[in-house]
Amino acid sequence: MPELPEVENVRLTLLPLVQGQLVRKVTICRPDIVTGLATPLSLLQGKVIGDVIRHGKQLAIIADDPSQTTINVHLGMTGRLMGISCPFPKHCHVRWQLSNTDTLGFIDPRRFGGLWTFGALADLQDQRWSKLGPDALVITPDQLAQGLAKTKRSLKAALLDQNLLAGLGNIYVDELCFNAKIRPDRIACALTVDDCRLLVREMRKLLKTAIKRGGSTLRDYVMVNGQSGKFQNLHKVYGRAGNNCVRCKTPLHGQLLAGRTTVFCPHCQQ
DNA sequence: AGTTTAACCTTTCTGC
DNA sequence: TGCAGAAA
DNA sequence: GTTAAAC
């Protein structure tokens with residue numbers, strides 16, 4: 001459920017908490033959620049945090065050291081990075097005690113998320129992020145057109161494919177198709193370049209608006225400061241099957257597409 | 001090649 | 001109120 | 001949310 005806008009809000013709220021902070025102590029409660037070296041050093045103990053960056057739904061916490069030691073964070077369904085006050089919260093798998101007395105925790109009850117450690121930022125880029133498509137906020141209409149052209153899958157399946165386009169999940173794909181007035185069951189390779197221009201324009205608009213509203217909190221997602229998002233109140237189709245279209249009042253159609261619940265307006269979207 | 005189904009794991013909701 | 005099963 | 005196996 002954390003998609004690009006939610007992950008970006010985690011990044012934006014994480015940055016002021018950790019940037020420039022020395023990591024005093026790292027506690028690893030569950031080493032098995034870490035892929036790669038699961039040592040305090042590989043998780044930045046003794047290092048100063050330089051930056052937090054994002055690609056699609058992926059985050060990276062980068063040390064301010066010569067090789068840029070890096071932790072790649074993926075939140076999965078229920079993952080959280082949170083400032084934690086005093087006790088050990090449930091399902092807190094790794095905690096970072098910072099020099100300013102704040103403590104950051106990686107909390108993930110279902111453990112679909114995880115941490116990946118790299119000796120250098122370049123290693124993360126080569127080994128993991130190079131496989132992802134362009135970030136949804138950065139992709140150009142031509143890049144999207146190229147991606148869609150090479151698959152006969154539905155538009156929905158294609159937009160969900162992180163190797164084609166990084167950052168969208170079930171919520172924002174449905175919202176995007178509605179805003180662009182395109183049916184999610186169109187065959188991807190049949191879309192025109194103009195369709196792709198429209199999709200990219202609407203995608204940027206949608207994601208930027210969602211980011212400004214703090215993302216969508218449906219269940220587990222909160223920002224690093226514990227605040228919920230507000231964009232769920234502005235969803236036009238997601239979770240609204242059977243309700244009336246906000247644009248034309250036609251009952252919204254719900255079906256399974258690409259294995260995911262999908263909602264669209266059979267009248268507005270073509 | 002593409003769609004479908006199940007799996008991963010835990011909490012929370014639903015219905016009897 | 002409790003429990004099993006579904007849903008998230 | 002992602003991945004693997006089955007159809």
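Within every chain, numbering begins at 1; the chains are lettered A, B, ... in the order of the sequence lines, protein sequences first and strands thereafter.
- Across all non-hydrogen atoms, the minimal contact from A:Leu4 to A:Ala166 is CD1-O, 4.1 Å.
- Remark: C1' of C:dA8 and OH of A:Tyr221 are 18 Å apart, rounded to the nearest angstrom.
- Protein atom CD of A:Gln255 is 12 Å distant from nucleotide atom P of B:dT3, rounded to whole Å.
- Contacts of A:Met77 with the nucleic acid, taken as non-hydrogen atoms under 4.0 Å apart, include base atoms.
- For the C1' atoms, the distance linking C:dT1 with B:dT10 amounts to 23 Å, nearest Å.
- Partners of A:Asp135 by side chain to side chain donor-acceptor pair (under 3.5 Å), not counting sequence neighbours, listed by chain and number: A:Arg54.
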*Sugar-phosphate means primed atoms, P, OP1 and OP2; the rest is base. With that split, encode nucleotides 7-13 of chain B 5' to 3' as B, S or - using protein heavy atoms under 4.0 Å.*
-BBBSSS
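- As rounded to the nearest Å, B:dT12 and D:dT2 have P atoms that lie 23 Å from one another.
- Listed by first and then second residue, the salt bridge (charged side-chain N to carboxylate O under 4.0 Å, His left out) pairs that reach into residues 13-26 of chain A come to none, sequence neighbours excluded.
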For residues 109-118 of chain A, which side-chain donor-acceptor pairs fall under 3.5 Å, sequence neighbours excluded?
| residue | atom | partner | partner atom | Å |
| --- | --- | --- | --- | --- |
| A:Thr117 | OG1 | A:Leu37 | N | 3.1 |
| A:Thr117 | OG1 | A:Leu37 | O | 2.7 |

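- Nucleotide D:dG1 holds its P atom 10 Å from the CG atom of A:Leu218, rounded to whole Å.
- Rounded to whole Å, atom C1' of B:dT3 lies 11 Å from atom CG of A:Leu256.
- Residues from residues 152-179 of chain A with heavy atoms under 4.0 angstrom of DNA chain B, sorted by number: A:Lys152, A:Arg153, A:Ser154.
- A:Leu22 shares a hydrophobic cluster with A:Val48; the chain of contacts runs through ILVMFWY side chains whose heavy atoms sit under 4.5 Å apart.
- Counting only residues at least two apart or on different chains, the salt bridge (charged side-chain N to carboxylate O under 4.0 Å, His left out) pairs with a member in residues 40-52 of chain A are A:Lys47-A:Asp65.
- OP1 or OP2 of B:dT3 has not a single side-chain nitrogen or oxygen of A:Arg260 nearer than 4.0 Å.
- Only the P atoms considered, D:dA5 is 16 Å distant from B:dC9, to the nearest whole Å.
- There is a side-chain donor-acceptor pair under 3.5 Å between A:Tyr172 and A:Glu6.
- Residues A:Phe178, A:Val246, A:Leu252, A:Val263 make up the rest of the hydrophobic cluster containing A:Val237, defined by ILVMFWY side-chain heavy atoms closer than 4.5 Å, directly or through other members.
- Residue contacts for A:Thr151: at a heavy-atom cut-off of 4.0 Å it reaches the sugar-phosphate backbone alone, with no base atom in range.
- Here A:Ile187 is tied to no hydrophobic group at all, with no ILVMFWY side chain closer than 4.5 Å.
- Rounding to whole angstrom units, CG of residue A:Leu132 and C1' of D:dG1 are separated by 13 Å.
- To the nearest angstrom, P of C:dA8 lies 13 Å from CG of A:Asp220.
- The distance from atom NE2 of A:His74 to atom C1' of D:dG1 is 6 Å, rounded to the nearest whole Å.
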